[in-house]
Amino acid sequence: MDTLEYSAAVNRYIESISMKPVSNNSENAAGQTKEMSPQEEIPFIGEPDELCELLGIACVESTFYDTMLDRKMNRGKQSILYKKSEDGDRGKALTVSETTSSGSPVLYTLIPYDNDSGNNTDIPDEYRIAFGHLIHLALERERSRRIAEQFMFRDREMDTYNLPFFLQTVSRMIESHSIGGYNTCRFNMQRFASVNLQVGRQKASELMRRYVRMLQTKIGDTGYVCRIGGDNFIALYHKSFQTVVEEHISGVHMVYDDATGEAILLSAYAGYFFIPADILRATDVMDNVSAAAAQSKLDHLTTQVYYDSKLTKMQEHKKMIESLFPKALEDEEFLVYYQPKINLNNYSMIGAEALCRWRHKGDIIIPESFIPILEQTTAVCRLDFYMLDHVCRDMRRWLDEGKKPVRVSVNLSRRHLGTSHLLENLLQIIDSYSLPHELFEVELTETTTDVDFHDLKEIVFGLQEAGINTSVDDFGIGYSSMNLIRDLPWNVLKIDKSFLPDMDNPDAKLLTMLKYLISMAQEMGLECIVEGVESQDQINLLKKYGCYLAQGFFFDRPLPVSVFEQRLEDN
């Protein structure tokens, strides 16, 4: 045979191996990737037809043995790696013996064409033997690559795929134009901290693994559930499984004690994105489904949100706020407005709440447009410290000017909970202005997890020891109200405006709840203030129930500093 022709064919075969995309997956009928175990026999790698024809090879078989003893006893797994023709001469077959990287013996049997077929009968055996060694090197390279990528694309704890796998799979489906007709769902387990406490961390992790495996089974071989981290996951599946996914996300009863049959309901917050066929990037898929998932945690009406044009605008608005915030903070675009708190006995102002407004290019941006966005990150913590600093500035000026200030409450986001040196940072700001601690009140909202409750308890006790009043804000709309006021030393109970009835058509249950909330606060020795007061009838009701502190539009809207200072002087 022509040596140059043989060398050129070998080079082309090696090149076809090198150009093969890195993957531990083979494509299924839907055009997606399906994981293969590195222990499974791997089919021929690269493009061997030309070289096999040149060497007159009709068939290549392999026999894999786990151990040397298995080889001696002829207990091996036989596979056909390549088969071009049934016309093979087994009498002239060549066997190449090799050892895998794990130490297991493997034999490669190269079967030439039958002499009667006339396919290159003059080829020296050493050429075919060399090709057998080349086959082994190619297969070992692929096997090692698959083992390495098992670690790259698998989440070992949950025994499922991971985020890099999701992004790579979506990218390949976009490139192969097979992404149309697929949906994606990003979900986060609901109240999983409570599940941990109820059944223990080990059982809780196993329940989550089973919940994820169950979803994987439901969406079949054409879908994937991937772990992002913690109790956050993302799934890719054919649109025909949408209802199945929604039902699973809504809740599944999982038995956690086989002896008693006790079960717990596992459910999740979820965002969905129906992927269009013309999408360009996997990151766009991720951004869109993440936007829907984030909204699912904020929406009070549903825990499952679908990405649409409205969310597109919300996402654009979010990106705008996030990009403008650092410079706006630096340029002091955020303003302190003060809303008075009123004593209903004589209608005097006994305090105020500091509220944030954003003046950008001459327009005032209301808090609802930016606070929820900042609360998704620690950016809101920077804003809280900024607000406290500016309140202290105002307070220092009022004292220096001989004004008699009232106690001012400032809000502290739950995002602060768990951060280091929180109490020290708060006190450092106040003390840098040499201000009496009793002029300040810190408003904190209720918590929904035991971890947050522990951190909340620490900061409330710390503020009390420092002589700073604490208020539980929006009382009654969280999950742990009773424990909150039983276990923590609050000064003020601030009842949420949702407990104030419509006086034209009062709700009897709401009236009863309001009455006993006020009575309970007073029995516990707490100041009780109701926010959101908007009518004289509501004031009369509060007086009837014995509550003489109120805040709301009926008295004052949040006031800019100059107007509030005039209220101080007139008070």
side-chain contact (heavy atoms from CB on, under 4.5 Å) assessment of M254 paired with M214
CA-CA 11 Å; M254 312 286 290; M214 191 181 296; 3.9 Å; yes

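- Under 4.0 Å is where a charged nitrogen must lie from a carboxylate oxygen, and between K84 and D49 at least one such pair does.
- Under a 3.5 Å cut-off, the side chain of H136 and the backbone N or O of T99 do form a donor-acceptor pair.
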Could you check L266 against H253 for side-chain contact (heavy atoms from CB on, under 4.5 Å), going step by step and ending with a plain yes or no?
CA-CA 6 Å; L266 288 190; H253 281 92; over 6 Å; no

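- A204 and V199 make their closest contact through N-CG2, 3.7 Å (heavy atoms, listed as atom of the first residue, atom of the second, distance).
- Here the closest heavy-atom approach between residue C356 and residue P367 is recorded as O-CG, 3.1 Å.
- Q242 contributes atom CD, which lies 11.0 Å from atom CD1 of I219 (distance to the nearest 0.5 angstrom).
- Judged by distance alone, the side chains of T67 and D70 do bring a donor and an acceptor atom under 3.5 Å apart.
- The distance from atom OG1 of T160 to atom CE of M158, rounded to the nearest 0.5 Å, is 9.5 Å.
- Taking the side chain as every heavy atom from C-beta outward, V252 and L265 never approach each other to under 4.5 Å.
- Taking the six-membered ring where the residue is Trp, Y307 and F273 present perpendicular rings, their angle passing 60° and hence far from 30°.
- Remark: Q78 CD to T109 OG1 distance equals 7.0 Å, nearest 0.5 Å.
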As a quick check of understanding, evaluate side-chain contact (heavy atoms from CB on, under 4.5 Å) for C59 and I80, giving each step before the final call.
CA-CA 8 Å; C59 182; I80 296 175; 4.2 Å; yes

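- R186 places no side-chain N or O within 3.5 Å of a backbone atom of I228 that could act as its donor or acceptor partner.
- Annotation for T303 and S296: closest pair O-CB, 3.4 Å, computed over non-hydrogen atoms.
- The CD atom of E375 sits 9.5 Å away from atom CG of L383, with the distance rounded to the nearest 0.5 Å.
- If you check the side chains of N188 and N232, you find a donor sitting under 3.5 Å from an acceptor.
- Between the side chain of Y237 and the main chain of N183, no donor-acceptor pair closer than 3.5 Å is present.
- Side-chain contact between V106 and T63: absent, with no pair of heavy atoms (C-beta onward) separated by less than 4.5 Å.
- Residues Y272 and F187 keep their aromatic ring centres 6.0 Å or farther apart.
- Taking the six-membered ring wherever Trp is involved, the centroid distance between the rings of F241 and Y182 does not fall below 6.0 Å.
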Please walk me through it: do R209 and E206 pass salt bridge (Lys or Arg N to Asp or Glu O under 4.0 Å)?
CA-CA 5 Å; R209 273 191 293 271; E206 178 56 31; 3.0 Å; yes

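- Under 3.5 Å, the side chains of Y108 and S97 contain no donor-acceptor pair of N or O atoms.
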From CA spacing to verdict: salt bridge (Lys or Arg N to Asp or Glu O under 4.0 Å), R227, E157:
CA-CA 10 Å; R227 190 185 192 188; E157 184 184 7; 2.8 Å; yes

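- Between Y127 and Y6, the angle of the ring planes lies from 30° to 60°, which puts this pair in the tilted group.
- To the nearest 0.5 Å, atoms CG (L94) and CZ (R128) are separated by 6.5 Å.
- Looking only at distances, a side-chain donor or acceptor of T377 sits under 3.5 Å from a matching main-chain atom of A379.
- Closest of all the heavy-atom pairs between I174 and I279 is CG2-O, 3.5 Å.
- Judged purely by atom type and a 3.5 angstrom limit, E443 has no side-chain atom pairing as donor or acceptor with the backbone of N411.
- In this structure the side chain of S104 never reaches within 4.5 angstrom of the side chain of Y65, judged on heavy atoms.
- Residues Q304 and S250 have side chains that bring a donor and an acceptor to within less than 3.5 angstrom of each other.
- Shown here for S267 and G251, the closest heavy-atom pair between the two residues is CB-CA, 3.9 Å.
- A salt bridge links E61 with R90: at least one charged nitrogen is closer than 4.0 Å to a carboxylate oxygen.
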Salt bridge (Lys or Arg N to Asp or Glu O under 4.0 Å) for D66 and K77? Distances and angles first, verdict last.
CA-CA 9 Å; D66 287 322; K77 177 186 175 183; over 6 Å; no

Run N288 and I275 through side-chain contact (heavy atoms from CB on, under 4.5 Å) and show every step you take.
CA-CA 9 Å; N288 293 344; I275 308 173; over 6 Å; no

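- Rounding to the nearest 0.5 Å gives a distance of 9.0 Å between CZ of F192 and CZ of R201.
- More than 12 heavy atoms of other residues, nucleotides or ligands shown are found within 6.0 angstrom of NZ on K218.
- With Q216 contributing its side chain and V225 its backbone, the two residues share a donor-acceptor pair below 3.5 Å.
- V285 approaches T184 most closely through the heavy-atom pair CG1-CG2, 3.8 Å.
- In this structure, K327 does not pair ionically with E330, as no charged nitrogen and carboxylate oxygen lie closer than 4.0 Å.
- For the 3.5 Å distance criterion, the side chains of T378 and R415 fail to qualify, holding no donor opposite an acceptor.
- No side-chain heavy atom of L444 sits less than 4.5 Å from a side-chain heavy atom of D473.
- A side-chain N or O of Y113 and one of E53 form a donor-acceptor pair less than 3.5 Å apart.
- Side chain of T169 to backbone of F165: a donor-acceptor contact under 3.5 angstrom is found.
- A donor-acceptor distance shorter than 3.5 angstrom exists from the side chain of H317 to the backbone of S369, with no hydrogens or angles considered.
- Using a 4.5 Å heavy-atom threshold, the side chains of E247 and T243 count as touching.
- With sequence neighbours left out, the salt bridge (Lys or Arg N to Asp or Glu O under 4.0 Å) criterion links E246 to no other residue.
- A distance below 6.0 Å separates the ring centres of H416 and F385.
- Not a single salt bridge (Lys or Arg N to Asp or Glu O under 4.0 Å) links D308 to another residue, sequence neighbours left out.
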